[in-house]
Amino acid sequence: MENYLDINRKLWNAKVDSHLKSDFYFVDEFVNGRTSLNSIELELLGDIKNKEILHLQCHFGQDSISLSRMGAKVTGVDLSDKAIEAAKDLAQKCGTDTQFIISDVYELPNILDQKFDVVYTTYGTIGWLPDLEKWAKVVSNFLEPGGKLIFVEFHPIVWMFDNDFTFVKYSYFNEGVIVETNEGTYADRTADLADQEVNWNHPTSEVLTSLLNKNLQLQSFQEYNWSPYPCFQHIEETEKGKFQISKFGDKIPLVFSLVAEKK
């Protein structure tokens with residue numbers, strides 16, 4: 001779909017106000033010092049003090065600001081102009097020097113001319129991108145030699161099911177565009193939202209092959225049978241900060257993580 005960027009920009013612009021007010025994003029606590037980073041990404045990041053980090057698809061910047069609070073020099077990027085406006089306001093309230101840019105991932109090399117120690121992107125990002133070869137090329141472009149991609153994402157198995165997890169609705173493999181209209185949002189299911197969205201499923205093989213083809217060497221790959229977010233239907237907290245879909249329990253992966261280094 002040639003106009004998928006316009007459709008998805010409208011979608012994410014519409015989400016911003018509801019997300020800012022939702023318990024999911026705990027904005028008041030965040031301004032007062034609470035981090036938005038979870039145990040999975042914190043373990044992968046390690047000590048990032050004084051490192052240059054590019055955060056792709058940053059929404060309204062909570063992770064970007066959390067990385068800044070850890071001592072990194074962070075640039076956050078997002079398609080949504082309304083989200084970036086909110087991110088700049090949030091950074092000011094938090095007293096960080098986090099930088100933000102409005103851009104589609106694929107367009108970013110035409111806007112930003114800089115190399116980074118880390119490219120960081122997490123949770124619900126690549127499904128909005130049709131071509132992972134182009135994504136991996138962008139990641140490689142912005143990394144210094146020896147720089148690392150830190151990537152955490154929902155597992156592609158999750159996206160095979162209908163929203164109620166009653167049947168397999170979509171192929172595991174990338175067989176083309178998926179166009180849906182869903183009511184509400186993962187952060188507030190009662191929100192008065194019903195915008196069209198355009199996305200793609202990407203199997204694990206597509207993710208890994210795209211990175212390997214762009215001179216990125218895999219250093220770690222992990223799968224998790226829990227999510228740090230209660231963002232699906234029929235989700236329950238099985239341990240503090242760990243959520244599983246009650247119908248499946250610990251039997252399927254919900255999240256994967258990887259680290260890849262530019263050679």
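- Side-chain contact between Gln62 and Leu90 is present, with heavy atoms from C-beta onward closer than 4.5 Å.
- Phe30 carries Arg69 over the face of its six-membered ring, with the cationic atom under 6.0 Å from the centre and within 45° of the normal.
- Counting non-hydrogen atoms of neighbouring residues, nucleotides and ligands closer than 6.0 angstrom, the CD atom of Gln92 reaches no more than 12 such neighbours.
- The number of heavy atoms from other shown groups lying within 6.0 Å of CG (Asn3) is above 12.
- No continuous path of ILVMFWY side-chain contacts below 4.5 Å connects Tyr170 to Val177, so the two sit in separate hydrophobic clusters.
- Considering only heavy atoms from C-beta on, Glu41 comes within 4.5 Å of Tyr120 through its side chain.
- With ring centers used as reference points, Phe232 lies under 6.0 Å from Phe154.
- Counting only heavy atoms from C-beta outward, the side chains of Trp159 and Asn199 never approach each other to under 4.5 Å.
- The six-membered or imidazole ring of Phe248 lies away from that of His234, with a centre-to-centre distance of 6.0 Å or more.
- With respect to the salt-bridge test (charged N to carboxylate O, under 4.0 angstrom), the residues Asp195 and Lys15 do not qualify.
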Working for side chain to side chain contact (heavy atoms under 4.5 Å, CB included), residues Leu20 and Phe60: CA-CA 9 Å; Leu20 285 169; Phe60 58 81; 3.7 Å; yes
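- Taking the six-membered ring where the residue is Trp, the centroids of Phe221 and Phe256 are separated by under 6.0 Å.
- For Glu133, the CD atom sits in a packed shell: over 12 heavy atoms of surrounding residues, nucleotides or ligands are nearer than 6.0 Å.
- Applying the ring pair (Phe, Tyr, Trp, His ring centres under 6.0 Å) test between Trp128 and each of Trp12, Tyr106, Tyr4, Trp135 identifies Trp12 as the sole match.
- Counting heavy atoms from C-beta on, the side chains of Ser103 and Leu79 never come closer than 4.5 Å.
- Ile178 and Ile157 fall into different hydrophobic clusters, defined by Ile, Leu, Val, Met, Phe, Trp and Tyr side-chain heavy atoms under 4.5 Å apart, directly or through other members.
- For the pair Thr190 and Asp188, the tightest heavy-atom approach, listed with the atom from each and the gap, is OG1-OD1, 2.6 Å.
- In this structure, Lys247 fails the cation-pi test against Phe165, since its NZ or CZ atom is not both closer than 6.0 Å to the six-membered ring centre and inside 45 degrees of the ring normal.
- Residues Leu193 and Leu11 have side chains not in contact (no heavy-atom distance under 4.5 Å, counting atoms from C-beta outward).
- In this structure, Leu208 and Thr204 have side chains that are in contact, with non-hydrogen atoms separated by less than 4.5 Å.
- Each of Thr121, Thr122, Ile53, Leu45 was compared with Ile150 under the side chain to side chain contact (heavy atoms under 4.5 Å, CB included) criterion, and only Leu45 meets it.
- Among the candidates Tyr186, Phe243, Phe24, the single residue satisfying the ring pair (Phe, Tyr, Trp, His ring centres under 6.0 Å) test with Tyr229 is Phe24.
- For Asp89, the salt bridge (charged side-chain N to carboxylate O under 4.0 Å, His left out) partners are Lys93, not counting sequence neighbours.
- Nearest heavy atom pair, residue Ile40 against residue Val255, reads CD1-CG1, 4.1 Å.
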